[in-house]
Amino acid sequence: METLVFLFSLSALGVLYAMNSIPEFQEPYVILGIGAAVLVVVFLFYFLITRGNRPKDALFFVFAVFSFTCVIDLTSALEYDGIISGFMEFYRKTGEPYLGTAYAIMMCYWDGIAHFIMYLMMIGRITDRKGYRTMGLFWAGSLCANMSVFISGIVAGKYGSEIRPVFWLNFVFLLVPVWAAITLFTRPKDRPLIGGYNAQQAQSMKLIWRPVDLILVLLLLAAMAFTTLRGLVALDSPLEACSVYLRHYEPYLKDPVGYPRVMMLHLFFYGLPLMGAFVYGLLKPGCSWMSDWTVFLAGAVIQCQWAHVGGALHPGTAAPFRVPADALWSVAAANLLYAAVPALVAARVHSNPYFFLKIAPFPGQTGLPNSEEKDTKYKDK
């Protein structure tokens with residue numbers, strides 16, 4: 001099925017070419033109508049071809065339809081970078097001119113490559129009746145961050161006065177992943193929920209005897225400080241540290257397109273509390289919510305950092321807002337490490353989850369000597 005989805009998604013190129021060649025299809029409200037109609041037609045296509053063996057997971061149709069739009073986003077990025085031509089010229093004038101900004105180009109690359117690969121992998125797992133909850137949460141975090149920054153940046157930035165009718169179609173790509181995230185969060189986990197002897201042993205160890213966790217706590221605290229600094233810069237703080245950082249390291253934060261500032265505010269108001277919660281989760285045993293939220297935030301931060309760093313270095317960004325040459329490597333290293341921290345925490349939680357499991361007595365275990373008993377779900381005992 002994933003092969004069929006991949007091949008059918010390539011038909012988006014034909015739709016774009018037709019719209020670029022026929023002037024009647026290039027009016028703002030016509031573009032909105034065609035965009036909505038294409039989404040409906042693609043959904044109906046997959047709904048009809050699976051009628052004999054309908055997927056029980058409704059997210060199958062979300063991934064299949066969004067795969068089609070990934071090809072459109074990748075085409076947009078490639079055309080704005082001058083690699084291809086003849087597909088999206090009309091969209092620059094009467095569609096979404098802000099897609100030509102450096103941040104939006106990098107965002108489209110991420111959607112057209114990373115999200116597309118995730119969609120195909122998750123469709124394959126749904127078809128094979130396998131679980132994909134962890135990958136789904138990573139995707140949901142990535143796309144929610146992607147679209148919330150994108151929509152907010154359009155309204156708050158210099159393109160706020162150039163909103164065309166097709167802009168409202170973006171809310172589909174914001175609301176659907178929010179619904180998908182809620183769906184995935186509420187599904188049963190495919191990992192142990194309650195720990196036994198191994199969990200008791202892991203949770204009896206102080207932080208000083210857990211060097212990996214200690215390093216992650218320090219990295220999270222550093223990431224929180226970095227988030228705070230850039231959030232204050234986005235809020236126009238008069239602090240000297242903010243002025244120095246803006247002037248000598250990341251002037252891109254003041255790019256009038258609005259995306260960098262909006263992204264920093266998202267991380268400041270949403271990412272910062274979650275990082276603080278992760279510090280608590282590494283200190284307090286039994287925080288079973290860590291396995292989900294670390295993956296969700298990892299997806300969000302990696303997507304944001306990809307678009308942010310790529311946008312700051314992209315030649316489409318005006319020279320005064322690019323990273324200064326003498327600070328390039330330090331800024332790149334700081335941003336890459338910042339992107340890696342949530343992913344490292346998520347990897348730690350999933351690779352050795354005993355510290356984060358709830359502990360409950362097992363039937364027949366009370367009063368017996370400790371034994372090397374495997375952790376499992378309570379209902380499997």
Side-chain angles (χ1 to χ4, degrees), residues 1-22 25-26 30-81 83-91 95-96 99 105 107-132 135-136 138-140 142-143 146-147 150 166 169-177 179-180 183-184 303:
M1 179 58 73
E2 58 268 33
T3 303
L4 174 62
V5 171
F6 173 79
L7 294 176
F8 183 74
S9 297
L10 296 179
S11 65
L13 296 173
V15 175
L16 292 174
Y17 184 80
M19 294 182 69
N20 197 60
S21 304
I22 303 174
F25 290 168
Q26 299 173 10
V30 176
I31 294 175
L32 173 61
I34 293 176
V38 165
L39 294 179
V40 173
V41 169
V42 174
F43 168 76
L44 290 176
F45 171 79
Y46 289 113
F47 187 80
L48 292 174
I49 67 170
T50 59
R51 64 185 182 277
N53 185 20
R54 188 84 67 209
K56 295 182 179 180
D57 193 335
L59 289 177
F60 167 86
F61 298 102
V62 173
F63 301 149
V65 173
F66 281 17
S67 294
F68 191 91
T69 65
C70 286
V71 175
I72 297 175
D73 281 347
L74 182 57
T75 304
S76 173
L78 291 172
E79 183 147 333
Y80 274 113
D81 272 345
I83 299 173
I84 60 174
S85 62
F87 293 95
M88 300 286 290
E89 293 173 7
F90 73 99
Y91 215 66
E96 297 185 272
L99 286 180
I105 290 173
M107 181 197 75
C108 287
Y109 276 125
W110 180 265
D111 191 55
I113 299 174
H115 285 162
F116 197 16
I117 293 173
M118 283 186 262
Y119 292 141
L120 296 177
M121 293 177 66
M122 290 188 287
I123 287 171
R125 294 192 69 83
I126 291 174
T127 304
D128 296 337
R129 302 182 187 279
K130 297 179 180 178
Y132 65 93
M135 185 185 299
F138 184 91
W139 160 78
S142 174
L143 190 54
N146 184 334
M147 294 310 300
F150 181 59
V166 74
L169 206 57
N170 287 303
F171 284 91
V172 174
F173 300 95
L174 173 63
L175 298 177
V176 170
W179 165 75
T183 301
L184 292 168
Q303 189 283 327

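Small disclaimer: the values here were computed from a predicted structure and weren't measured.
The number of heavy atoms from other shown groups lying within 6.0 Å of CE (Met1) is above 12. For Arg54, the CZ atom counts as densely surrounded, since its 6.0 Å shell holds more than 12 non-hydrogen atoms of other residues, nucleotides or ligands. Residue-environment remark: CZ (Phe90) exceeds the threshold of 12 foreign heavy atoms within 6.0 Å. Around CZ of Phe47, the count of heavy atoms belonging to other residues, nucleotides or ligands within 6.0 Å does not exceed 12. Counted within 6.0 Å of CZ on Phe25, heavy atoms from surrounding residues, nucleotides or ligands total 12 or fewer; the atom is thus considered open.
For the pair Phe173/Asp111, no side-chain contact is recorded, criterion being any heavy-atom separation below 4.5 Å from C-beta on. Between Val5 and Tyr119 the shortest side-chain heavy-atom distance does not fall below 4.5 Å. With a 4.5 Å cut-off on side-chain heavy atoms, Phe116 and Ser9 count as touching. Using a 4.5 Å heavy-atom cutoff, the side chains of Ile49 and Leu4 are in contact. A heavy-atom distance below 4.5 Å is found between the side chains of Phe66 and Leu143. Glu96 places a side-chain heavy atom less than 4.5 Å from the side chain of Phe150. With contacts defined as side-chain heavy-atom distances shorter than 4.5 Å, the pair His115/Asn146 qualifies. A 4.5 Å side-chain heavy-atom check between Thr69 and Leu39 finds at least one atom pair inside the cut-off.
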Check against side-chain contact (heavy atoms from CB on, under 4.5 Å), Cys108 and Tyr80: CA-CA 10 Å; Cys108 287; Tyr80 274 113; over 6 Å; no

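In this structure, Leu10 CG and Ser67 OG are separated by 10.5 Å, a value rounded to the nearest 0.5 Å. Once rounded to the nearest 0.5 Å, the distance linking CH2 of Trp139 with CE of Met118 reads 9.5 Å. To the nearest 0.5 Å, atom CG of residue Leu78 and atom OG of residue Ser85 are 11.0 Å apart. If you take OG1 on Thr50 and CZ on Phe45, they are separated by 10.0 Å, rounding to the nearest 0.5 Å. The distance from atom CG of Leu169 to atom CD1 of Ile34, rounded to the nearest 0.5 Å, is 12.0 Å. For the atom pair CZ of Phe87 and CE of Met19, the computed distance is 13.5 Å after rounding to the nearest 0.5 Å.
With hydrogens and angles ignored, the 3.5 Å screen pairs no side-chain donor or acceptor of Gln26 with any backbone N or O of Ile31. A distance-only check finds a donor-acceptor pair linking the side chain of Asn20 to the backbone of Glu89 [under 3.5 Å]. The backbone N or O of Ile123 lies less than 3.5 Å from a partner atom in the side chain of Thr127, making a donor-acceptor pair.
In summary, the aromatic rings of Phe8 and Tyr46 are positioned with their centroids under 6.0 Å apart.
Asp57 meets the side chain to side chain contact (heavy atoms under 4.5 Å, CB included) test with Leu59, Ile126, Tyr132, Arg187; sequence neighbours excluded.
When all heavy atoms of Ile105 and Ala77 are compared, the pair lying nearest together is O-CB, 3.6 Å. Smallest separation of non-hydrogen atoms from Ser76 and Met88: CB-CE, 3.6 Å.
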